[in-house]
Visitor: 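After the structure tokens below, expect a handful of questions from me.
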Amino acid sequence: MEKRSEARRAGAQRTRMRRKKKQNKSAVLCIVLISFMLLGVMSVQIISLYNRNQTYQAREQELKTQLESEQQRQTELKEYEDYVKSDEYVEQEAKSKLGLVHPNEIIFKEKEKAD
């Protein structure tokens, strides 16, 4: 009887060992599958962030170009503002729009041709 009980114990122990091995294999398989799923999700996120970064860099470059253009325009407007405040501009406008001249200037006009 002792042999039988030992054999039963040994058989039961082998059965438990087999179950543990199956459970270990399934646990490892689940961990591997979860790891691959996480890797896939992370890859998609990385690609998405990379594309968004490229878009932002292109937009940044466009805005830098626009800023340089506006700064150049600002400089030109400042120069024009200084010119408009000058005496030279006032004289030029008085001559062209109002027909004013200096007292010592002589005005020559063309005669119109009669057809």
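Nothing fancy with the numbering, it's 1 onward along the sequence.
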Visitor: Hydrophobic side-chain clustering at under 4.5 Å (ILVMFWY, transitive links): who's grouped with Ile47? Put none if nobody.
Guide: none
Visitor: Enter the distance from Glu70:CD to Thr75:OG1 here, rounded to the nearest 0.5 Å.
Guide: 11.0 Å
Visitor: Can you list every ring pair (Phe, Tyr, Trp, His ring centres under 6.0 Å) pair that touches residues 49-90, not counting sequence neighbours?
Guide: Tyr83-Tyr89
Visitor: Which residue pairs satisfy the salt bridge (Lys or Arg N to Asp or Glu O under 4.0 Å) criterion with at least one member in residues 49-59, sequence neighbours excluded?
Guide: Arg59-Glu62
Visitor: Between Gln54 and Gln57, does a side chain to side chain contact (heavy atoms under 4.5 Å, CB included) hold up when you go through it step by step?
Guide: CA-CA 5 Å; Gln54 292 294 335; Gln57 285 179 348; 3.9 Å; yes
Visitor: List the atom pairs, donor and acceptor, that lie under 3.5 Å between side-chain atoms in residues 26-43 and the rest of the protein, sequence neighbours left out.
Guide:
from	atom 1	to	atom 2	distance (Å)
Ser26	OG	Lys22	O	3.2
Ser26	OG	Gln23	O	2.9
Ser35	OG	Ile31	O	2.8
Ser43	OG	Leu39	O	2.8

Visitor: My understanding is that only residues two or more places apart in sequence, or in another chain, count here; which of them pass side-chain hydrogen bond (donor to acceptor under 3.5 Å, both in side chains) with Glu60?
Guide: none
Visitor: Just jot down the side chain to side chain contact (heavy atoms under 4.5 Å, CB included) partners of Gln66, sequence neighbours excluded, or say none.
Guide: Leu63
Visitor: Has the side chain of Ser96 got a donor or acceptor atom that lies under 3.5 Å from a matching backbone atom of Gln92?
Guide: yes
Visitor: Can you tell me if CG on Asp87 sees more than 12 non-hydrogen neighbours from other groups inside 6.0 Å?
Guide: no
Visitor: Got a salt bridge between Arg73 and Glu68, using NZ or NE/NH1/NH2 to carboxylate O under 4.0 Å?
Guide: no
